[in-house]
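Both counts, for ligands and for their atoms, begin at 1 and track the order of listing. Because the structure is predicted, anything quoted here is derived from the model rather than measured.
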Amino acid sequence: MSPETTAVGPIGELEAIEKQVLEALGTADSTGQVQEVQISYLGRKGPLARVGKSLGGLPVEERRTVGQVANRVRGLIEAAIADKLAALESSEREGRLEAERLDITLPGRMPPAGRLHPLTEVLEEIVDIFVGLGFQVAEGPLVETDYYSFQALNIPQDHAARSMQDTFYVDTGAPEPFVLRPHTSPMQARVMESGPPPHYMVVPGVVARRDEVDANHLAQFMQLEGFAVDTGISFSDLKGVLEAFARQMFGDHLKVRMHPSYFPFTEPSAEVYVSCFACDGSGCATCRGEGWIEILGAGMIHPNVFRSVGYDPSTTGFAFGMGIERIAKFKYSVTDLRSFYENDLRFLESR
Ligand code: DAH
């Protein structure tokens with residue numbers, strides 16, 4: 001870049017210098033180029049210096065005017081150069097930072113999304129089905145009196161279930177014996193005592209038994225009790241409700257079968273089976289070759305139960321009770337009930 005001065009007279013020359021510098025700065029795109037402009041125009045051998053040297057030969061008046069213009073032009077050029085340098089330096093720094101940028105971010109880690117426990121899902125599904133059939137939901141205490149757990153349900157004093165080997169007794173300090181309820185049936189009596197029929201109720205909840213824990217037994221598990229107390233309730237109502245439940249739970253084409261059984265609080269009593277949903281009744285590993293799976297106990301509420309809650313013993317009603325883990329075991333093809341409580345994520349995520 002060679003500065004040229006073609007204008008006539010020192011002032012014209014100074015204006016031309018200013019214009020050239022501004023043009024040169026306009027096209028400069030590196031700090032190096034700006035420094036070249038700076039050296040060639042402001043340096044000791046540059047055009048401004050040359051004009052300055054020529055001042056000595058001018059008349060006094062003109063010398064002052066030209067000197068002032070020369071100072072103004074120098075100031076202006078210095079400021080323009082400083083501005084341009086600052087602008088280029090900052091954009092060069094940004095470019096350098098961008099080029100040297102090191103990506104140290106890791107792929108994001110999604111927090112695992114939770115879900116309901118398979119047992120909770122099964123329990124909610126069962127409750128939903130009964131709510132759809134017109135039942136209400138009640139819950140009762142886990143620490144229950146001996147009276148509601150046994151006596152009110154026509155379970156005699158010498159019944160095996162009342163032994164210390166089968167039931168957890170709780171020492172509350174009160175004279176009345178308390179137990180961890182071994183079934184959800186006590187709520188039959190509590191609900192009936194709370195008011196006259198009709199009652200259409202399901203009672204989900206935790207129960208406890210002094211069972212040796214193995215693949216098919218847990219010391220703490222869940223049950224769902226259900227009962228309907230109303231005028232004219234018959235055994236066929238029971239069968240109809242349980243069939244509707246079983247089909248919604250396991251499949252439309254299922255058959256329901258009832259076997260005579262015995263429970264102190266129902267008469268007659270039945271064990272209820274559904275045809276195996278895995279093999280459709282022909283016999284497989286799920287039903288152990290039986291073709292049928294027992295899913296619950298049921299029956300017509302015993303007159304003695306009605307007596308103990310102060311109802312007329314000719315009142316009619318049915319009751320049933322099922323184990324939630326047992327239903328879930330069939331639904332999810334689980335072979336060991338303990339897996340539901342081990343909290344192994346590999347198990348939980350696969351259900
Ligand atoms: N309480 C029974 C049990 O724990 C289950 C049961 C059977 C409940 C028959 C009932 C019933 O209401 O009618 O094994």
Exercise. For Ile301 and Ala319, which heavy atoms make the closest approach, and how far apart are they?
Worked result: CG1-CB, 3.8 Å
Where does ligand 1 get N/O contacts under 3.5 Å from the protein, atom by atom?
{"from": "ligand 1", "atom 1": "1 (N)", "to": "His183", "atom 2": "ND1", "distance (Å)": "3.0"}
{"from": "ligand 1", "atom 1": "1 (N)", "to": "Ser185", "atom 2": "OG", "distance (Å)": "3.0"}
{"from": "ligand 1", "atom 1": "4 (O)", "to": "Arg209", "atom 2": "NH2", "distance (Å)": "2.6"}
{"from": "ligand 1", "atom 1": "4 (O)", "to": "Gln223", "atom 2": "NE2", "distance (Å)": "2.9"}
{"from": "ligand 1", "atom 1": "12 (O)", "to": "Gln188", "atom 2": "NE2", "distance (Å)": "3.3"}
{"from": "ligand 1", "atom 1": "12 (O)", "to": "Glu225", "atom 2": "OE2", "distance (Å)": "2.6"}
{"from": "ligand 1", "atom 1": "12 (O)", "to": "Phe320", "atom 2": "N", "distance (Å)": "3.4"}
{"from": "ligand 1", "atom 1": "12 (O)", "to": "Phe320", "atom 2": "O", "distance (Å)": "3.4"}
{"from": "ligand 1", "atom 1": "13 (O)", "to": "Ala319", "atom 2": "O", "distance (Å)": "3.1"}

Exercise. What about Phe227 and Phe318, are their ring centers closer than 6.0 Å?
Worked result: no
Problem set entry | Check ion pair Glu121-Arg351 (N to O, under 4.0 angstrom) | no
For this session: Could you tell me whether Arg346 and Asp344 make a salt bridge, using a distance below 4.0 angstrom between a side-chain N and a carboxylate O?
Result: yes
Problem set entry | Listed partners of Tyr311 passing ring-ring contact (aromatic ring centres under 6.0 Å, His included), at least two apart | none
Exercise. Which word best sums up how the rings of Phe277 and Phe330 line up, parallel for under 30°, tilted for 30 to 60°, or perpendicular for over 60°?
Worked result: perpendicular
